[in-house]
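Single-structure report; data block below.
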Amino acid sequence: MNYKNLKKCDPQVYKALMGELKRQQEGMELIASENYVSEAVLEALGSVFTNKYSEGYPGRRYYGGQEYTDLAETLAIERAKKLFGAEHVNVQPLSGAPANMIAYSAVLKPGDTVLGMDLSHGGHLTHGHPVTLSAKIYNFIRYKTDESGMIDYDELEKMAIKHKPKLILAGFSAYTRQLDYKRFQQIAKKVGAILMIDIAHIAGLIAGKAIPNPVPYFDIVTTTTHKTLRGPRGGMIMCKKEFAKAIDKSAFPGFQGGPHMNNIAAKAIAFGEALKPSFRKYAKQILKNAKVMEKELIKHGFKLMFEGTDNHMVLVDVYESKGVTGKEAEIALDKVGITLNKNMVPDDSRGPMDPSGIRIGVPAITTRGMKEKEIKIICKWIKDAIKNRNNEKLLKKIRKDVVKMCKKFPIYK
Ligand code: DSN
């Protein structure tokens with residue numbers, strides 16, 4: 001990649017950027033929410049669309065000069081509709097957290113009750129964790145997984161009947177099982193709640209038709225565009241027609257100002273890529289890779305939460321199965337160039353900065369072209385690096401092997 005202008009203009013930022021490029025090229029990226037976008041997406045992000053203010057929506061803007069921004073935003077909307085079978089799409093949310101706030105404020109009044117999944121049981125901060133602004137505005141009640149690690153739908157139904165939520169929220173950032181969309185729909189119908197799902201983690205698996213599509217079942221669907229969907233960092237909201245006006249008004253002028261048009265153009269490109277047959281292959285390969293990872297890690301004596309995975313990630317209790325904390329494991333793996341994140345496990349007895357678990361995802365390495373054979377080797381490296389975390393010589397050797405494998409699957413040449 002050529003950053004010749006940046007190199008001349010700002011050598012300090014250039015140095016940081018080149019360091020990050022090398023880190024991505026030579027590192028094994030196992031953060032479940034990360035991926036590698038195409039160079040076309042990168043080009044759009046760094047394009048002249050970045051200069052343009054476009055408050056409003058295509059055909060209805062508050063600034064002149066919108067013929068090309070309208071074109072790009074309309075392309076993004078139409079492609080997203082086709083990809084997910086959505087009735088209405090808003091591509092302006094700057095990311096997932098704003099998308100959720102926009103959706104809440106479109107349909108809720110301060111004080112309204114929401115049922116959302118508990119963070120330590122796989123939910124997301126923006127699903128009502130007490131430290132968030134949304135939890136200060138709305139009354140979040142958080143449901144959990146049962147002892148086997150599954151969502152207890154009977155308990156969820158009881159909670160819904162008891163608390164009468166205005167909104168029931170499905171979705172997660174560290175849960176590995178397929179959700180029962182129909183059951184969510186039945187429960188919401190029974191108590192007259194609006195039904196929303198945050199598909200940030202699994203949007204690419206849905207778009208690639210590797211897992212079922214929740215869009216027909218849910219009133220509102222929020223997502224990020226940069227995880228399995230492999231687009232630019234950003235958010236998106238899909239909804240049934242009856243919520244379209246409220247969602248659009250809540251996004252702008254309710255919550256945001258000018259949309260980031262460079263980002264929206266990049267979303268259009270990524271959605272175009274996701275409509276191609278090769279994206280389906282990628283999505284299916286993610287599931288295959290994650291299944292191999294599940295089996296291999298169990299074979300190596302790791303304890304997997306939720307008894308395994310149906311999606312792109314696994315959640316591992318390293319504290320119980322290996323006697324190391326999530327933070328210790330993350331540091332040991334960082335040393336060998338394997339990047340992942342420490343993560344709470346359900347009812348974790350440890351704190352979020354040094355929890356019992358690690359979360360491992362395969363989307364980025366699947367994008368690189370790695371398959372079952374490589375996953376088996378990576379799982380062995382994970383086991384060896386954690387076990388030998390104080391053996392600097394062995395860690396260095398694994399680091400070399402990691403770089404060698406990454407070079408066989410090059411990115412951003
Ligand atoms: N930070 C994202 C993740 O890693 O899951 C969610 O916002």
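One is the number of the first residue; the rest follow in order along the sequence.
- One finds a salt bridge joining Lys299 and Glu296 here, because a Lys/Arg side-chain nitrogen approaches an Asp/Glu carboxylate oxygen to under 4.0 Å.
- Here the side chains of Tyr138 and Ser105 are in contact, with some heavy-atom distance below 4.5 Å.
- Phe252 has its ring centre less than 6.0 Å from the ring centre of Tyr62.
- Contact check on Glu330 versus Lys342 returns a salt bridge, with a Lys/Arg side-chain nitrogen under 4.0 Å from an Asp/Glu carboxylate oxygen.
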Worked verdict on Glu20 versus Arg23 for salt bridge (charged side-chain N to carboxylate O under 4.0 Å, His left out): CA-CA 5 Å; Glu20 177 60 16; Arg23 190 193 69 79; 2.9 Å; yes

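- In this structure, Tyr175 has its ring center under 6.0 Å from that of Phe306.
- Atom CG of Asp70 is separated from atom CZ of Arg61 by 4.5 Å, given to the nearest 0.5 angstrom.
- A cation-pi arrangement is present between Lys322 and Phe302 under the rule of less than 6.0 angstrom and at most 45 degrees off the ring axis.
- With hydrogens and angles disregarded, a donor-acceptor distance shorter than 3.5 Å links the side chain of His124 to the backbone of Thr126.
- A ring-centre distance under 6.0 Å is not found for Tyr181 and Phe184.
- No more than 12 heavy atoms of other residues, nucleotides or ligands shown are found within 6.0 angstrom of NZ on Lys327.
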Sequence neighbours excluded and cut-off under 3.5 Å, please list the side-chain donor-acceptor pairs for residues 36-49, or say none.
{"residue": "Tyr36", "atom": "OH", "partner": "Arg368", "partner atom": "NH1", "Å": "3.4"}
{"residue": "Ser38", "atom": "OG", "partner": "Ala40", "partner atom": "N", "Å": "3.4"}
{"residue": "Ser38", "atom": "OG", "partner": "Val41", "partner atom": "N", "Å": "3.1"}
{"residue": "Ser38", "atom": "OG", "partner": "Glu273", "partner atom": "OE2", "Å": "2.6"}
{"residue": "Ser47", "atom": "OG", "partner": "Ala44", "partner atom": "O", "Å": "2.6"}
{"residue": "Ser47", "atom": "OG", "partner": "Phe49", "partner atom": "N", "Å": "3.3"}

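- To the nearest 0.5 Å, the span separating NZ on Lys158 from OH on Tyr153 amounts to 16.0 Å.
- Listed by first and then second residue, the salt bridge (Lys or Arg N to Asp or Glu O under 4.0 Å) pairs involving residues 182-191 are Asp154-Arg183, Glu157-Arg183, Glu157-Lys190 (not counting sequence neighbours).
- Counting only residues at least two apart or in different chains, salt bridge (Lys or Arg N to Asp or Glu O under 4.0 Å) contacts with residues 302-311 comprise Arg177-Asp310, Lys303-Glu320.
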Dump the intermediate steps for salt bridge (charged side-chain N to carboxylate O under 4.0 Å, His left out) on Asp112 and Lys166, then the final yes or no. CA-CA 6 Å; Asp112 276 349; Lys166 177 97 183 278; 3.6 Å; yes

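- The shortest distance between side-chain heavy atoms of Ile137 and Met101 falls below 4.5 Å.
- Counting heavy atoms from C-beta outward, Ser356 and Met344 have side chains that stay 4.5 Å or more apart.
- Between Phe271 and Phe279, the distance from one ring center to the other does not fall under 6.0 angstrom.
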